[in-house]
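Take a look at the structure set out below.
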Amino acid sequence: ACLVGSEMCKETAVNVYLNKKSIKLHKKGTYTLRIKRWAKTDKVKRWKSSKKSVATVNSRGKIKAKKKGKAIITLYMKSGAKASCKVTVK
């Protein structure tokens with residue numbers, strides 16, 4: 001808790017969780033990640049793929065498998081919180 005003036009306030013949680021920590025997809029396969037838990041006042045900033053040649057991700061968390069390999073999909077929230085999912089394309 002933090003003290004503001006003479007009132008107590010609760011710190012907002014800056015954690016975010018995805019419904020999967022890792023997934024396996026076949027080439028041309030798709031999967032949409034879901035945000036499982038986050039601070040209700042927080043907003044999605046962006047989704048990012050560590051290797052766009054292997055897997056891409058759109059602004060709604062939909063992953064598209066491009067070619068065999070591994071990539072990490074990361075969700076960034078405006079609060080600075082982030083969560084990742086490892087993607088293996090077979």
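Each residue takes its place number in the sequence, starting with 1.
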What do the steps show when you test Lys43 against Lys45 for side chain to side chain contact (heavy atoms under 4.5 Å, CB included), and what is the final call?
CA-CA 6 Å; Lys43 300 266 189 252; Lys45 185 176 179 182; over 6 Å; no

Any idea which heavy atoms bring Ala83 and Val16 closest together, and the distance?
CB-O, 3.6 Å

Nearest heavy atoms of Arg60 and Trp47, plus distance in Å:
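Here Arg60 and Trp47 meet closest at C-NE1, 3.9 Å.
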
Taking C-beta and beyond as the side chain, do Lys48 and Arg46 meet within less than 4.5 Å on heavy atoms?
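SC-SC contact between Lys48 and Arg46 confirmed.
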
Do side-chain atoms of Asn19 reach the backbone of Leu33 as a donor and acceptor pair under 3.5 angstrom?
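Not confirmed, Asn19 side chain does not pair with Leu33 backbone.
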
Checking Asp42 side chain against Ser79 main chain: does a donor-acceptor pair fall under 3.5 Å?
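Side chain of Asp42 to backbone of Ser79, a donor-acceptor pair under 3.5 Å: yes, one is there.
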
Enumerate, atom names and distances included, each donor-acceptor pair closer than 3.5 Å involving a side-chain atom of residues 61-78, sequence neighbours excluded.
{"unit_1": "Thr74", "atom_1": "OG1", "unit_2": "Ser84", "atom_2": "OG", "d": "3.2"}

Return the CZ to CZ distance between Arg34 and Arg37, rounded to the nearest 0.5 Å.
14.5 Å

Gap separating the CG atom of Leu25 from the OG1 atom of Thr30, nearest 0.5 angstrom:
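Here the interatomic distance stands at 7.5 Å.
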
